[in-house]
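Nothing fancy with the numbering, it's 1 onward along the sequence.
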Amino acid sequence: MKILLDDGMQIAVGTGIGKYSMSLYKGLLQNNVDVQLSDYIPPKKGKMYDRLHYLYYINSKDYQEYIKQFDYVLYTNYAVPFIKNIKTRYAVTIHDLVAFLYPDTLPFMYRFYSQAMIRNACEKADLIFTVSNSAKNDIVTKFPKVKNKIHAIWAGLYDDRKPLSEYPPYENCRLTDIDNVPFFLFVSTIEKRKNVGMVIDAFLKLKGEYAEASDYKLVLAGRPGYGYQEFVEKVNASKYSQDVIFAGYVSDSDCNRLYNHAKAFIFPTVYEGFGSAQIECMNCHLPIILSDIPTNREISREYGEFFNLRNLSSLEKKMSLFIFDKYNRNEKELLAVKYLKEFNWQMLSKLYFKLIQNHNDKKGVE
């Protein structure tokens, strides 16, 4: 069986889906699967232009002719051709349904694009993959007809977050001397849809209520997004403005060092398809305080410290575990070692191929 993995230009762009696509590709190769990676390179003339160019490309006659040599094309960025090639079967990964469940968190044109592509994928794909059982339930609820062709397979652990034995100097000057004080860590775009406001509010409340939190800082690592200035103004208006560090963009090296030194990672997401930060924290034995939503419960299980999204005090209480040294680190680290065995890319890629192969065999019988 010959497979083409089409990453939808995400590897070249360098997104999370790009990392997922490359890891899946390498895992398939390790399992001796005859798989080829798409050689499409986006023109890099802007996000919307590049998306439209890619859609034109996969719906062109040349592309349709090209993919006839493959038994399956695995589309890892949820966009599949509008034209169904009868000689080649389509498999697609749909990572989440944020465009349908939380449309207001996305720009209008991207929301429209995502919804259209996911609808088309559900109609045209022979097989659908997603990255958690929670995401699978969302997709089946929205598109009941896909129930018999959708499978949930977790993403694996990427190798850019790992325990360190040596610590290179921080490249970001805003992080100078941060290792000398206890701090909570948030890593993502600093924007409203990431629920950063709740993290700031809980931290400021913690500082105001407990003298034991006097040395603690909050590091917000990530590029500014929608609502960023409001967060800065809120912090500056408080008496703890020196304790909140807006680090901006951080390199992989700096991010890895932060993972190795933070007291806890805060993951306040309102919705998630998978959430790779969860297993990255496990790998670094970094405690994680996270929102009590189905996906997080599925991935982190007993390793996570969960808080109620509708209750600020719930988050503050979980943060207080660390200032009063009530976190059972030894027990959690044993759980991390146990759980991480389930996030091996070679093992997960083997499962992908097995499902594709089984589907192909059934079609052959028909």
Side-chain angles (χ1 to χ4, degrees), residues 7-8 10-11 13-27 76-78 93-98 105 129-136 138 152-164 185-191 193-196 199 220-223 225 249-260 262 264-291 293-301 303-306 332 335-349 351-352:
D7 63 291
Q10 297 306 296
I11 293 174
V13 175
T15 64
I17 293 178
K19 288 171 64 177
Y20 165 91
S21 303
M22 181 55 77
S23 297
L24 178 55
Y25 170 67
K26 290 179 178 178
T76 54
N77 191 30
Y78 69 82
T93 303
I94 300 174
H95 297 265
D96 58 53
L97 281 192
V98 65
T105 65
F129 296 108
T130 191
V131 290
S132 66
N133 287 299
S134 176
K136 176 183 174 181
D138 291 338
I153 302 177
W154 288 339
L157 175 68
Y158 304 117
D159 59 6
D160 50 359
R161 300 287 176 268
K162 55 191 175 184
L164 293 173
L185 176 65
F186 171 90
V187 179
S188 190
T189 305
I190 312 302
E191 59 184 351
R193 77 183 186 96
K194 298 295 186 180
N195 206 21
V196 183
V199 178
L220 303 172
R223 291 185 174 90
Y249 167 80
V250 295
S251 66
D252 279 341
S253 174
D254 281 358
C255 194
N256 201 39
R257 182 166 176 169
L258 289 170
Y259 267 67
N260 277 266
F265 188 103
I266 304 179
F267 194 62
T269 181
V270 175
Y271 176 77
E272 203 71 40
F274 181 79
S276 291
Q278 299 181 68
I279 55 176
E280 292 173 344
C281 287
M282 289 183 202
N283 197 42
C284 294
H285 290 166
L286 171 60
I288 185 168
I289 302 170
L290 65 174
S291 51
I293 61 174
T295 303
N296 292 349
R297 283 283 181 182
E298 178 183 343
I299 305 304
S300 283
R301 291 161 282 182
Y303 183 78
E305 294 290 341
F306 296 93
K332 299 287 189 176
L335 287 171
V337 172
K338 175 184 175 181
Y339 293 160
L340 283 172
K341 295 176 184 177
E342 303 174 75
F343 299 99
N344 176 275
W345 272 112
Q346 186 173 0
M347 178 188 72
L348 295 168
S349 299
L351 183 53
Y352 269 92

Let me see the working for Ile190 and Arg223 under side chain to side chain contact (heavy atoms under 4.5 Å, CB included), right down to the final yes or no.
CA-CA 6 Å; Ile190 312 302; Arg223 291 185 174 90; over 6 Å; no

Can you list every salt bridge (charged side-chain N to carboxylate O under 4.0 Å, His left out) pair that touches residues 335-347, not counting sequence neighbours?
Arg301-Glu342

Spacing of [X] atom [atom1] and [Y] atom [atom2] [to the nearest 0.5 Å]:
X      : Y      : atom1 : atom2 : value
Asn77  : Thr15  : CG    : OG1   : 6.5 Å
Ser251 : Leu258 : OG    : CG    : 9.0 Å
Ser21  : Gln10  : OG    : CD    : 7.0 Å
Asn344 : Leu157 : CG    : CG    : 9.0 Å
Leu24  : Ile17  : CG    : CD1   : 12.5 Å
Tyr20  : Ile11  : OH    : CD1   : 11.5 Å

Sequence-distant partners of Glu191, salt bridge (charged side-chain N to carboxylate O under 4.0 Å, His left out), two or more places apart
Arg193

I'd like to check the salt bridge (charged side-chain N to carboxylate O under 4.0 Å, His left out) partners of Asp252; sequence neighbours left out, ordered by chain and number.
Arg161

Check ring-ring contact (aromatic ring centres under 6.0 Å, His included) between [X] and all other residues, then give those that pass, not counting sequence neighbours.
X      : result
Tyr158 : Trp345
Tyr78  : none
Phe267 : none
Tyr339 : none

Specify the closest pair of heavy atoms between [X] and [Y], including all atoms of both residues, with the distance to one decimal.
X      : Y      : value
Asn260 : Cys284 : ND2-SG, 4.1 Å
Pro268 : Val199 : CG-CG2, 3.5 Å
Ile289 : Ala264 : CD1-CB, 4.1 Å
Asp254 : Val250 : CB-CB, 4.1 Å
Leu290 : Gln278 : CD1-OE1, 3.3 Å
Ala262 : Leu185 : CB-CB, 3.8 Å

Taking only residues two or more places apart in sequence or in another chain, which ones pass side chain to side chain donor-acceptor pair (under 3.5 Å) with [X]?
X      : value
Lys136 : none
Ser291 : Asn296
Ser253 : none

Under the side chain to side chain contact (heavy atoms under 4.5 Å, CB included) rule, what do Thr76 and Phe129 come out as? Steps first, then yes or no, please.
CA-CA 9 Å; Thr76 54; Phe129 296 108; over 6 Å; no

Verify the neighbour count for atom NZ of Lys19: are there more than 12 heavy atoms of other residues, nucleotides or ligands below 6.0 Å?
yes

Say whether Tyr271 and Asp138, considering side chains only, have a donor N or O and an acceptor N or O under 3.5 Å apart.
yes

Without hydrogens or angle criteria, can the side chains of Thr269 and Glu272 be said to hold a donor-acceptor pair below 3.5 Å?
yes

With side chain to side chain contact (heavy atoms under 4.5 Å, CB included) as the test, would you mind laying out the steps for Lys162 and Glu280 before giving the verdict?
CA-CA 7 Å; Lys162 55 191 175 184; Glu280 292 173 344; over 6 Å; no

Step by step, work out the side chain to side chain contact (heavy atoms under 4.5 Å, CB included) result for Asn283 and Tyr259.
CA-CA 10 Å; Asn283 197 42; Tyr259 267 67; over 6 Å; no

Taking side chain to side chain contact (heavy atoms under 4.5 Å, CB included) as the test, write out the residues that go with Glu298, two or more places apart.
Ser132, Asn133, Ser134, Trp154

Applying side chain to side chain contact (heavy atoms under 4.5 Å, CB included) to Leu348 and not counting sequence neighbours gives Ile153

Contact between Leu340 and Ile279 at the side-chain level, heavy atoms closer than 4.5 Å - yes or no?
yes

Asn256 side chain to Leu164 backbone, donor-acceptor under 3.5 Å
no

Where the side chain of Asp7 meets the backbone of Gly18, is there a donor-acceptor pair that is under 3.5 Å apart?
no

Establish, yes or no, whether a centroid distance under 6.0 Å links the rings of Phe265 and Phe186.
no

